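Both ligands and their constituent atoms are indexed starting at 1 by order of listing. Remember, predicted model here, so these are calculated numbers, not experimental data.
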Amino acid sequence: MASWNFMVTPTKPSLSWKLSFLSPLTTVNVTRRQNRTAKGFVVFATVFLDPKPTVLVAEKLGEAGLELLKTFANVDCSYNLDHEELCTKISLCDALIVRSGTKVTREVFERSGGRLKVVGRAGVGIDNVDLSAATEHGCLVVNAPTANTIAAAEHGIALLTAMARNIAQADASIKSGKWQRSKYVGVSLVGKTLAVMGFGKVGSEVARRAKGLGMHVIAHDPYAPADRARAIGVDLVSFEEAISTADFISLHMPLTPATSKMFNDESFSQMKKGVRIVNVARGGVIDEEALVRALDSGTVAQAALDVFTEEPPSKDSKLVLHENVTVTPHLGASTTEAQEGVAIEVAEAVVGALKGQLAATAVNAPMLPAAILSELAPFVTLSEKLGRLAVQLVAGGSGVQSVKVTYASARGPDDLDTRLLRAMITKGLIEPISSVFINLVNADFSAKQRGLRITEERILLEGSPENPLEFIQVQIANVESKFSIAMSDSGEIKVEGRVKDRKPHLTKIGSFGVDVSMEGSLILCRQVDQPGMVGSVGSILGEENVNVSFMSVGRIAPRKQAVMTIGVDEEPSKEALKRIEEIPAVEEIVFLKL
Ligand SMILES: NC(=O)c1ccc[n+]([C@@H]2O[C@H](COP(=O)([O-])OP(=O)(O)OC[C@H]3O[C@@H](n4cnc5c(N)ncnc54)[C@H](O)[C@@H]3O)[C@@H](O)[C@H]2O)c1
Ligand SMILES: O=C(O)[C@H](O)COP(=O)(O)O
């Protein structure tokens, strides 16, 4: 176990919010030696790092990506594992990298025993990863969405032109000793209509290239912006118009429940007789038996396929063996350049995720740009602490079901992404009362599973929106509190916090205003306002060897009621808390771990 020392001053941003996105690969033990300096505390922290994380690379990955992984992790390249071997190995791995050939099923996540923190897909399509299971297990899934786009588009164009000119069939014919010039007369592309189905990264690059070949290009994509299509001279049209007017159809949508077998008997029957189809997307978007029927009837003149419902397809597949079909074994992304790019893209994302950073290519977690993350960082800490504090104020026996979060900000809703804050409030609310580890990936799922309803509300403040937020309030409804002051006038537990000098501060408990730095732990004490209380409580804590970082007293009215807030470095023993509770003027007391 490696260990080293470093120094954290209170002005540095907290490490913990970063580490808490994912499971604690790193255990951080902080020992505060209370060296007071002119600036305040200097904290010497000893960080014990567990041995290097282990990354299982289950399919061939480019060398540059492997090198990058090795700088941070132990890398186990085990290609061609069967499902059982993968499930057996996975409990020893912190990350898994796959391409399209490995099925990352629910069982893989279950058998990882909670150790697997990130699955990296070295490519685009994540239909081979059970995303729901990953999310439920708090496992981040990242992909490499950009590095193979051009390779896939070029392969699409290669198949389109090869199909139109019977290249594969003619090649096989001549190699078998024949010379069949009249049999392999092709069709021209120029002036023909190509329908690009799915106008995303690959689809739009195919469209651009097809325009260069003189084709008339239309596209169907219910989610693509029309101006992006117009910018390259492509009209976005309905599904029916696309398939019924095209001479060539090229498929570029993801495989989802909505796109599964969307090319079937019915859609083939709407196509122009003699249409030609290219598929470099996913085999499952085509009903393959229906395609064989359409080829046999001549509705579809030719098909060029890089992908299949089952990969590899069976040796006697009618589709693969059809004389009007050209096939390649899922080669769309297989260029030297694309594979190096994909390997680097996925390795960077996996290493970043293992370091606890949010990945820009996360598939099952919100993605936030680095600048926004940095701005939100202190509010992330504040959010988790408010959730943690609020739930500890709930009296035993009352179940937490309804939580309202209010964000007060001068920024409009479009300028303030609260998903990260909500996830951290959820983490704070759930972790102290369960054994579940919550991170950004599984926060919403875990809340839903526990029947915890979190609603969010905005208060739009006037003034300059320089700070993302003025304050955050967390309210828990329909519960009793173990500290009566924490109940608001409307009957909910309410806590409110702000960020001051990038540090979280508790500014309200119930309707009672306080101003307390949210570091260490807190003792809240409601008492009769009378002289000597600070001394009595302070000396009990001193006798019990509990170090006090601050004490503040707020009064409802002189000589009536007061609330004392005491910051402590160590958890006081039950006896110490009991002794404080037994001071005659003390009416209630609660210890809260932040
Ligand atoms: N053969 C290969 O080796 C290879 C290589 C790269 C990508 N791919 C596959 O190609 C496909 C596209 O990849 P990409 O990087 O362009 O992804 P992308 O996410 O950039 O684009 C997909 C597009 O499909 C659209 N879409 C979603 N549902 C649709 C529907 N019902 N009808 C029409 N369009 C729909 C989306 O709006 C999006 O614009 C994916 O399936 C990917 O796995 C294959
Ligand atoms: O979705 C993808 O990125 C492609 O289908 C490539 O898959 P591969 O990594 O298995 O080549």
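In T259, the part holding a heavy atom less than 4.0 Å from any atom of ligand 1 is the side chain. Under 4.0 angstrom from ligand 1, there are no non-hydrogen atoms of F239. At a heavy-atom distance under 4.0 Å, no atom of H155 approaches ligand 1. If you look at R282 next to ligand 1, the close heavy atoms, those under 4.0 Å, all belong to the side chain. The backbone and the side chain of V202 each have at least one atom closer than 4.0 Å to an atom of ligand 1 (non-hydrogen atoms only). The part of N148 lying near ligand 2 is the side chain, judged by heavy-atom distances below 4.0 Å. With a 4.0 Å cut-off on non-hydrogen atoms, P254 touches ligand 1 through its backbone as well as its side chain.
Atoms of ligand 2 found under 4.0 Å from any heavy atom of G123, numbered from 1 in the order shown, are 3 (O). With ligand atoms numbered from 1 in the order given, ligand 1 contributes 32 (N), 33 (C), 34 (N) to contacts under 4.0 Å with heavy atoms of H220. Below 4.0 Å from some heavy atom of G125 lie the following atoms of ligand 1, by number and element: 43 (O). Near G198, with a cut-off below 4.0 Å to any heavy atom, the atoms of ligand 1 are 24 (O), 33 (C), 34 (N). Ligand-side atoms of ligand 1 in range of H330: 1 (N), 2 (C), 3 (O), range being under 4.0 angstrom from any heavy atom. Close contacts between ligand 2 and G125 involve ligand atoms 1 (O), 2 (C), 3 (O) [criterion: under 4.0 Å to a heavy atom]. Against a heavy-atom cut-off of under 4.0 Å, A152 is close to the following atoms of ligand 1: 5 (C), 6 (C). Ligand 1 places these atoms under 4.0 Å from at least one heavy atom of F199: 39 (O). When each atom of ligand 1 is checked for a heavy atom of D306 under 4.0 Å away, the hits are 1 (N), 2 (C), 3 (O).
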> Does the pair D444 and R422 meet the rule for a salt bridge (charged side-chain N to carboxylate O under 4.0 Å, His left out), with working shown?
Replying inline: CA-CA 8 Å; D444 285 346; R422 187 181 65 232; 2.9 Å; yes
>> Please evaluate residues R282 and F308 with respect to the criterion side chain to side chain contact (heavy atoms under 4.5 Å, CB included), reporting the C-alpha separation (whole Å), side-chain torsions for both, the decisive distance (0.1 Å), and the verdict.
In response: CA-CA 7 Å; R282 281 294 177 269; F308 306 89; over 6 Å; no
> Could you walk me through whether R293 and E266 pass the salt bridge (charged side-chain N to carboxylate O under 4.0 Å, His left out) check?
Replying inline: CA-CA 12 Å; R293 286 190 284 276; E266 196 195 334; over 6 Å; no
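Under the 30°/60° scheme for interplanar angles, the aromatic rings of H220 and F239 are found to stand perpendicular.
The closest approach between any non-hydrogen atom of T149 and ligand 1 is not below 4.0 Å. In this structure, A122 has a heavy atom closer than 4.0 Å to ligand 2. In this structure, A258 falls outside the shell of residues with a heavy atom less than 4.0 angstrom from ligand 1.
Taking atom 21 (O) of ligand 1 as the reference point, the nearest protein heavy-atom neighbour is G200 CA, 3.3 Å. Atom 32 (N) of ligand 1 has P222 CD, 3.5 Å as its closest protein atom, hydrogens excluded (heavy atom only). From the protein, the heavy atom lying nearest to atom 41 (O) of ligand 1 is M253 O, 3.1 Å. Summary of contacts: the protein heavy atom closest to atom 5 (O) of ligand 2 is H330 NE2, 2.6 Å. Summary of contacts: the protein heavy atom closest to atom 10 (O) of ligand 2 is S100 OG, 2.4 Å. Closest protein heavy atom to atom 44 (C) of ligand 1: V280 O, 3.0 Å. Of the protein's non-hydrogen atoms, Y223 CE1, 3.5 Å is the one closest to atom 28 (N) of ligand 1. Counting only heavy atoms of the protein, atom 3 (O) of ligand 2 lies nearest to V124 N, 2.6 Å. Shortest contact from atom 10 (O) of ligand 1 to any protein heavy atom: A281 CA, 3.7 Å. Summary of contacts: the protein heavy atom closest to atom 12 (C) of ligand 1 is H252 O, 3.3 Å. In terms of protein heavy atoms, atom 19 (O) of ligand 1 is closest to K201 NZ, 3.9 Å. Nearest protein neighbour of atom 7 (O) of ligand 2, counting heavy atoms only, is R121 NH2, 3.1 Å.
For the 3.5 Å distance criterion, the side chains of H330 and T328 fail to qualify, holding no donor opposite an acceptor. Counting only N and O atoms by type, the side chains of H137 and S112 include no donor and acceptor under 3.5 Å apart. A donor-acceptor contact closer than 3.5 angstrom links the side chains of N364 and T135. In this structure, a donor-acceptor pair under 3.5 Å is absent between the side chains of E59 and N80. Side-chain N/O atoms of T149 and E205 include no donor and acceptor closer than 3.5 Å. With hydrogens and angles left out, the side-chain atoms of D296 and H322 include a donor and acceptor closer than 3.5 Å. Using modelled atom types, one finds no donor on one side chain facing an acceptor on the other under 3.5 Å when comparing S100 with N128. Between the side chains of S173 and Q180, at least one donor N or O sits under 3.5 Å from an acceptor N or O. Of the N and O atoms on the side chains of Y407 and E456, at least one donor lies less than 3.5 Å from an acceptor on the other residue.
Using a 4.0 Å cut-off between charged side-chain N and carboxylate O, K318 and E289 make no salt bridge. With respect to K89 and D76, a salt bridge is recorded, a charged nitrogen being found less than 4.0 Å from a carboxylate O. Ion pairing of E345 with R121 is absent here, as no side-chain N (NZ or NE/NH1/NH2) approaches a carboxylate O to less than 4.0 Å. Salt bridge absent: R230 and D235 never bring a charged side-chain N and a carboxylate O closer than 4.0 Å. Remark: D94 engages R115 in a salt bridge, criterion side-chain N to carboxylate O under 4.0 Å. Ion pairing between a basic and an acidic side chain is recognised when a charged N comes within 4.0 Å of a carboxylate O; D171 and K175 show such pairing.
Inclusion of A333 in the set of residues having an N or O under 3.5 Å from an N or O of ligand 1 is warranted. In terms of N/O distances under 3.5 Å, ligand 2 is not approached by A333.
Around atom 25 (C) of ligand 1, the closest heavy atom drawn from N143, I150, D221, L331 belongs to D221. Of all the listed residues (R282, Q339, R99, H155), R99 holds the heavy atom that lies closest to atom 8 (P) of ligand 2.
Stacking of K192 on the aromatic ring of F248 is not recorded, the 6.0 Å distance cut-off and the 45° axial limit not both being met.
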